[in-house]
Trainee: 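Here it is, the structure, as structure tokens.
Counting starts at 1 for both ligands and their atoms, in listed order.
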Amino acid sequence: MIIKPKVRGFVCVTAHPEGCARHVGEQIAFVKAQGALPQKPRNVLVIGSSTGYGLASRIAAAFGASARTFGVFFERPSSKGKPASAGWYNMAAFARAAEAEGLYAGSANGDAFSDEMKAEVIGRIEQEMGPLDLVIYSLAAPRRTDPVDGVTYRSCLKPIGEPYTAQTLDTDRKEVVPVTLDPASEEEIHATVKVMGGEDWQRWIDQLDRAGLLAEGCRTVAYDYVGPEVTWPVYHHGTIGRAKAHLRETARCIDEQLQGKSGKAFISVNKAVVTQASSAIPVVPLYISILFKVMKEEGLHEDCIHQIDRLFREQLYAPGGPQTDGEGCIRMDDREMLPEIQARVKELWPQVTTASVEELTDYAGYQQGFLQLFGFGLEGVDYEAETEPDVCIPGLRNPG
Ligand code: NAD
């Protein structure tokens, strides 16, 4: 079939297998071009490995460190002639590339929040890999069924305390419009913490630990975002920020738990990038479009793979180990948060209107980045050619 992008609001409901493979290939090539890491994790588990920061983490581990990787993700295979989701095609391309280099790449597709998935993954890691040196926790999910109480919690992206009105960018219509977000109820705050807080990360670590699958010196990392004040009502001080505060508390608990085996838990505060998760957050796409323009002008632009390659190379596996801030976080958002970058963003922010969005922001770059998430707009891919949507992922087994 010939696959074209079908954008519906902040998602694209189609994905291109060759385009996704090309996108993954470019990320692999970038990591390889940086050379081997100074120190290397051998066995790496990435929870949320199919897109965004998790995908970049799996690529950096495999192709920067020749690590054996296991990826957990929740993606849709092709069915009834319809294309699979982008993450499915990404994982297929990743596994083929890893296989071609003789690197183990195990995968499990399904709900990482469930205990069934944890048991399946643990069983396979026991049989196929051995103890882990690194566990990356990179889930971004709209809901979670808690295996303890059986309740399905839904996360939301709302301010806390007061309504918040700001400009946002309707990326599909190229319109800058005001948006008002009502404050979250206590129940909504609680539910967002249940989904995006650290409870499930802790559960993974506990179960891996009990199975004896955390190696001496094991490290685990979860990702956070802070950003500038203009996004705080909807992010850092909103429901998602509350969940991230819980993630930080969890990092401290896991860090203590791992001390016996000289392990460490970290939060890495990453920069804002275009991913399926970030495009769904009100206000953030406008901020990212302005940020990209400013950072590109300064030659400081980074995408997921640049951030994660730098996280591995300059922090996690650098001699002397990671440098953390006062709260114990690795700050990969250092360039985004430079005062001169933020001053320029602040200056542009109130000036951007629908008429000036192309001139004052990197709207084109945002759109290109968004389409590339789904395998569209990549050089060297013939989008007019017939393509086979049904692609298998080598090394994939589903629970059960
Ligand atoms: P993403 O949407 O690209 O990736 C989410 C991943 O989670 C995918 O692999 C998806 O398959 C997986 N997933 C979702 N629900 C799942 C489930 N129930 N079971 C198994 N897998 C599931 O998101 P992202 O933007 O890369 O976000 C990853 C982390 O990075 C999040 O913690 C996010 O807050 C953080 N972060 C993102 C940004 C940004 O700008 N995008 C910035 C800083 C930090």
Side-chain angles (χ1 to χ4, degrees), residues 10-11 23 45-59 71-76 84-91 94 107-118 120-121 136-147 152-155 157 192 195-198 200-201 203-204 221-227 231 235-236 238-241 243-244 246-248 250-251 267-281 283-285 287-289 291-292 302-305 307-308 311 329-333 336-337 366 369-370 372-374 393 398-399:
F10 52 76
V11 290
H23 197 211
L45 168 64
V46 182
I47 303 159
S49 66
S50 53
T51 56
Y53 274 122
L55 170 65
S57 306
R58 196 173 186 190
I59 291 173
V72 186
F73 46 87
F74 208 171
E75 298 295 346
R76 189 190 67 237
S85 58
W88 181 277
Y89 292 138
N90 289 341
M91 287 295 85
F94 171 87
S107 291
N109 184 39
D111 184 8
F113 294 132
S114 73
D115 280 352
E116 290 76 16
M117 174 59 95
K118 291 182 179 72
E120 155 80 11
V121 171
I136 299 283
Y137 190 80
S138 186
L139 293 183
R143 74 186 73 82
R144 165 175 175 241
T145 302
D146 179 348
T152 300
Y153 296 92
R154 281 163 215 288
S155 64
L157 296 157
T192 307
V195 180
M196 289 297 288
D200 182 63
W201 182 24
R203 209 168 169 83
W204 270 101
V221 186
Y223 298 140
D224 189 3
Y225 180 66
V226 174
T231 63
Y235 201 100
H236 192 48
T239 48
I240 181 74
K244 294 296 187 186
H246 186 268
L247 197 72
R248 289 177 184 217
T250 307
I267 293 289
S268 173
V269 180
N270 296 347
K271 87 174 267 283
V273 289
V274 185
T275 66
Q276 293 183 37
S278 69
S279 15
I281 309 175
V283 184
V284 167
Y287 169 69
I288 292 181
S289 305
L291 179 74
F292 276 21
E302 286 181 306
D303 227 324
C304 290
I305 197 64
Q307 278 270 291
I308 299 299
L311 170 67
C329 299
I330 303 170
R331 299 303 297 252
M332 297 312 301
D333 62 345
E336 169 181 357
M337 298 312 290
Y366 185 97
F370 177 77
Q372 287 188 347
L373 297 177
F374 304 91
I393 303 177
N398 280 321

Trainee: Does the structure place the NZ or CZ of Arg144 under 6.0 Å from the centre of the six-membered ring of Tyr153, at an angle of no more than 45° from the ring's axis?
Mentor: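 No.
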Trainee: Is the shortest distance from a Lys or Arg side-chain nitrogen in Arg203 or Asp146 to a carboxylate oxygen in the other one below 4.0 Å?
Mentor: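 Answer for the salt bridge query: no.
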Trainee: Suppose we screen for side-chain contact (heavy atoms from CB on, under 4.5 Å). Which residues come up paired with Leu157, at least two apart in sequence or across chains?
Mentor: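 Checked Leu157 against side-chain contact (heavy atoms from CB on, under 4.5 Å); matches are Ile240, Ile281, Pro282.
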Trainee: Between Glu336 and Tyr225, does any side-chain donor sit less than 3.5 Å from a side-chain acceptor?
Mentor: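 There is such a pair between these side chains.
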Trainee: Name the residues in contact with ligand 1, where contact means a heavy atom under 4.0 Å away: which are they?
Mentor: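 Those residues closer than 4.0 Å to ligand 1 by some heavy atom are Gly48, Ser49, Ser50, Thr51, Gly52, Tyr53, Phe73, Phe74, Glu75, Gly110, Asp111, Ala112, Phe113, Ser138, Leu139, Ala140, Ala141, Tyr223, Asp224, Tyr225, Tyr235, Lys244, Asn270, Lys271, Ala272, Val273, Thr275, Gln276, Ala277, Ser278.
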Trainee: Tell me, please, which residues at least two apart from Asp303 pass side-chain contact (heavy atoms from CB on, under 4.5 Å).
Mentor: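 Per chain and number, Asp303 pairs via side-chain contact (heavy atoms from CB on, under 4.5 Å) with Val273, His301, His306.
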Trainee: Test of understanding: with side-chain contact (heavy atoms from CB on, under 4.5 Å), list the residues that count as partners of Gln372, not counting sequence neighbours.
Mentor: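 Result, side-chain contact (heavy atoms from CB on, under 4.5 Å) vs Gln372: His23, Gln368, Leu378.
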